[in-house]
Q: 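Take a look at the following structure, please.
Quick caveat, the model's predicted, so the values are computed rather than measured. Naming: A, B, ... by sequence-line order, numbering from 1 per chain.
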Amino acid sequence: MARPAAPPLRERLRAVGRPLPRHDAWDKVQARTLYAADWQMPGMLHAAVARSPYPAARIRHIDTAKARALPGVAAVLLAQDVPHNTLWTDVPGQTSEVGPLRARIQVLAQEVVRFQGEPVALVAAETREIALHAVELIEVQYDPQPGVFDPEAALAAGAHQVHEGGNLLARWAIRRGDPDRALAQADVVIESVYRCQFIDHAYLEPEAGVAWIDTDGVLTIRVSTQVIEHYRDVAEVLGLPQNRVRVIGPYLGGGFGGKEDVTVEVFLGLLAWRTQRPVKMIWSRQESLLARPKRHPFILRYRTGAARDGRLVAQAVDLLADSGAYAYLSALVLMYAAVTAAGPYRVPHVAVDARVAYTNNPPTSAMRGFGAMQMVLGYESQMDRLARRLGIDPVELRERNALAKGDALPIGQPLDTHVAVVEAARRAWEALGPRRAPSTPAHRIGRGLACNIQPYGRIVWLHDWASAWVGFEMDGSLVVRTGTPDVGGGQAASLCQIAAEVLGLDPGRIAIHIADSALTPLAGTTTATRQLYMSGNAVLRACEGLRRQIVDVAAQLLETQADTVALDAGDAVAHDGRRVGLPKILRECARLGVSRSHLDVYHAPAGDPVDLERGGGRVFPDFTFGAHAVEVEVDTETGAVTVLRHVACHDVGRAINPQSVEGQIQGGAVMGLGYGLMEEVVVDHGVNLSTLFATYLIPTSLDVPDVEPILIESGEGKGPFGARGIGEPPIAPPAAAVANAVEDAVGVRITELPVTPERVARALGLLGDR
Amino acid sequence: MTELTVAFTLNGRPCEVRTAAHRTLLEILRDDLGAMEVKEGCGEGVCGTCTVLLDGEPVSSCLVLAPRAAGCRVTTVRGLGDGDRLHPLQEAFVTQGGVQCGFCIPGMIVTAYAFLRDHPAASREEIRRAIAGNLCRCTGYTKIIDAIASAAPGRGGGAPGAAGG
Amino acid sequence: MTVPFDYRAPATLADALALLRDHGEEAKPLAGGQSLVPLLALRLARPAVLVDLNRLDELRAIRREGDALVVGALVRHRALERGDGVLAACPLLQEAAALIGNVRVRTLGTIGGSLAHADPAAEWPAVVRALDGVVLVRGPAGDRAIPAGDFFVGALVTALRPGELIVGVRLPVLGPGAGGAVEEFSRRAGDFAIVAAVAVVELAPDGTVARARVSLAGAGSIPQRLPETEAALAGRRPDPETLRGAASRASAIEPEGDAHASAAYRRHLARVLTARALARAAAVAARRGAA
């Protein structure tokens, strides 16, 4: 499918490229925005979930009599009350040892529970208080089982089987050249093991939604979600036709991948259907921290070989990830990790062996960065150590090795757009300026650089598409309709900005309706850094189609050639300056029977599944490249690490709204600092110890500096006007940059995240033998 | 269980709620009075999304039991503007790009309002410290601090803004 | 969401004590609620009766009594942070108050509530211990004045007997030539301390240490005083070497490790923070000069 036309020059852009305030920001500062939990319906019930306290157990018996008898309880549901108790996640294109994967999740646990917090029963009651009380009255007799809590143990012989068919969920292998021989012959080999941890999305808005039966029996669910297409999952579970389930996605209070899988929608559907009344469900923060799928922890084993001049000759990488109790999107996360594990560098010989195993730990699934993010700790720690070993400046080492346009990744994926790694590294590093002096004699200053490659857009085998409808009202105001959920990154506002650009409108003249599976043309998930690319192109195409229709009629009114007519400020303008207003043009359209709207679909370039091991194919549409440079101060007595400066440079292709792009980079970088310095879901034998916001530590304003964003606009992105995706890329480099900076400051290498003061103190030998 | 009537003002408007004593101010604001601008983020007093001013001082409404609010002035973000006109802080948050998902914003603005009232010429670092109890997961805080700094009356900010569009 | 309870808001201290006496273990007193209400919300505490103390204005008083300050139990952290009026004589209290939680916790939280809660990582117990404060208590058997050293018994456990309430705390005002400092280490700003050291140093006219007192939070189930450290400083000059040497005796403590910090790290932090707190306290003392 042809791509939209080449972007006009910057000077001719009127809306795109400007830091316009977002329409949703005006609403949010006045608190007019109704998030999922803010919705009320008459006669609404309140729902709650009963969850397993054990990470591994058989369910012997469930007695709901007392719960049902509690006044005000309207329904208590168990697995046997669910028409089809299985949810499927499809992971097509899986190759190598494990076959095509259909990941299965129980809606409600039946016979066995596999993680602490697994849903066992549902309650709907007149008030939230009664629902919570009823949950406490449900009596479940469990037979706790031994369980397995470590992916290495899970793959050993004799391990407790989490599911039938073994604990190996998926594996990917990549081969290029002869890495064993190349490593044996390399001038220097850096070998190390890195570990990264479970973390939580910790969006400020907990999971929430309201469901009700609407006109014509349509089950309607208004839920905080990144994927309105889950209406199909609800339909499948309930045994309803898919056209009788509708999902509405309000503006989210954050998603980050945590609202990509189903959260409350299936439970709400079940209870609304059973009671035939509206039902609301809100998860408590503690419940969310306990039971929501987390980011995949990884064990990363790297062997990196290089020549004396710093050029990489080989990367041999072994990856082992923890899927927790259910697969969810683990096989895909693993694939992203495997494909990017060698980093944004030219490496002639590559071996990547990636596996993910089931355990009885909390399930893991999508989180911003999706596997590619965790790899940066591995490949950028290795690069930093290589630079030290060889005495080469960190920026120069990247210059000697960075991929360039026209190169291919180890799997054979061609890079057909600009690769800005070197420029990003140089600009980020130089922006740090002169090194600061330590604040006391007990402190040391250090600097670290980390570059990254992050895919944007979905895997090409998935044949991704997005649709959008745009139409003029008779007064010249514009309506945009598209299924795009807005997670807070300005997804909807960016689409308005694109429409304003193409149609010559003031953004204030545009109303956008998003994320209603019944009323907005579907645009796919707000995940995988795909929405600007996909919905942006869809809206661009739709607007260009509408523009042609309008301009053709305007040209007739102006008695001139259509290709000389411009749209500006609500008018059509002829070459000689004569203008005709939109209302008149639109009346003429009506008279002529010319449509005043346009529906379009953007189909991303698609491909067939690739055998990663044999190579030779495209997996992703494109990538975003970047580099972060940090300056830290380490307290040599306590091990505390303070980030003094943080520069984050990414090639965004084109910044549709530079202020929004800066905000994404700053927010992503701070989330990355949280990952690198303080966040950890501590799980002990399957028991989650981090279920309070008081103890699951995300950065406050005092824990991070002002992140300084630097935008490179290479213009070669595959999104509208040459834009690239920016949602995920900034979260990836900070952890590695910090680990590198700590080595620079105090000479110790922390290989396990988070880089806590205690880990640094221990590495410095401050704690004696232990 | 004790039921009582709690009377207070909400953004200057007198309110009276009949409630069980064990409910929190957050619950009665949202569930009884429809003040959805006050959010529920954690129930532990940590995240700050439920921040309201109680007699002018910031509190976690999720940790205030209903009777405690009796006779108090409760102020939320909806009480800061002047009729149709936004408060300069609200406008600054929009123009400076301090709003992404927006869930932290009502609590953040209320906190900033009370802080700037007491420290009209606050520095960036003082502002950073003042919002340390309000978590944000989207912005990385910089543009929020930019917004508060630009609205600080003692630093030349705070010109009255037009109502939002 | 809290479990239902009966709510009482007594108008006098006598009424409050009567309620606690009548309901015994079924009743819990409510001060600022910043520790108690989260427990109620998480359904970890389920009292049948909640006795709200906030009408007891007599517990809000702060007064100077000779060379001591008597701070009422319901005085908010915020007031102590502001340090107005007679509080200006005790800057150590301002420094400690500023470290507590976030601005919202400080608006409602009270010193009495914090002392009664006796969290091993809390600031006030360690400060009161370092100052050799006296906790003023009233109960069915009358008034008691419990020295800090006897007040904290275990993690979240105090010497309060059933039916007793803290009414205030008496804290010595540090005279000229005396200074205090708090060094707190936490994972994030405003979090509870991993370890905190509170040091109070009194200098003799010749600049040597007349008396030093150090108390630790987060290094045991109750605030720890460091007698060996204190003894090692008597009569010595408070130079960095001496302070570090004295601080190294802090390894005699036996903290518990947990998910936030191991025992070894807490011991190490205790040494480091003790030295730093002593150094700053000595500097404050020197600035305030001998009479």
Q: May I have a list of the donor-acceptor pairs under 3.5 Å that connect chain B with chain C?
A:
{"from": "B:M1", "atom 1": "N", "to": "C:D6", "atom 2": "OD1", "distance (Å)": "2.5"}
{"from": "B:T2", "atom 1": "OG1", "to": "C:Y7", "atom 2": "N", "distance (Å)": "2.6"}
{"from": "B:H22", "atom 1": "O", "to": "C:T2", "atom 2": "OG1", "distance (Å)": "3.1"}
{"from": "B:G45", "atom 1": "O", "to": "C:R104", "atom 2": "NH2", "distance (Å)": "3.0"}
{"from": "B:V46", "atom 1": "O", "to": "C:R104", "atom 2": "NH2", "distance (Å)": "3.4"}
{"from": "B:P58", "atom 1": "O", "to": "C:T107", "atom 2": "OG1", "distance (Å)": "2.9"}
{"from": "B:S60", "atom 1": "OG", "to": "C:R104", "atom 2": "NE", "distance (Å)": "2.8"}
{"from": "B:G133", "atom 1": "O", "to": "C:R104", "atom 2": "NH1", "distance (Å)": "2.9"}
{"from": "B:G133", "atom 1": "O", "to": "C:R104", "atom 2": "NH2", "distance (Å)": "3.0"}

Q: Is C:L39 in contact with chain B via its backbone, its side chain, both, or neither, using a 4.5 Å heavy-atom distance?
A: neither
Q: Hey, mind stepping through B:L63 and C:L108 against side-chain contact (heavy atoms from CB on, under 4.5 Å) and telling me if it holds?
A: CA-CA 9 Å; B:L63 297 186; C:L108 292 181; 5.9 Å; no
Q: Could you tell me which portion of B:L4 (side chain, backbone, both or neither) has an atom closer than 4.5 angstrom to a non-hydrogen atom of chain C?
A: side chain
Q: Would you mind checking which part of C:L30 comes under 4.5 Å of any heavy atom in chain B, side chain (CB onward), backbone (N, CA, C, O), both or neither?
A: side chain
Q: Identify which part of B:C62 has an atom lying under 4.5 Å from any heavy atom of chain C, answering side chain, backbone, both or neither.
A: backbone
Q: Who pairs with C:L42 by side-chain contact (heavy atoms from CB on, under 4.5 Å), at least two apart in sequence or on another chain?
A: A:Q286, A:L692, C:L44
Q: Using a 4.5 angstrom heavy-atom cutoff, name the option from B:A114, B:A130, B:P67 with the most pairs to chain C.
A: B:P67
Q: Heavy-atom pairs under 4.5 Å with chain C - which of B:C42, B:G48, B:G43, B:A20 has more of them than the others?
A: B:G48
Q: Mind checking whether C:L50 and B:L65 have side chains closer than 4.5 Å, heavy atoms only?
A: yes
Q: Answer with side chain, backbone, both or neither: which region of C:V49 has an atom nearer than 4.5 Å to a non-hydrogen atom of chain B?
A: neither
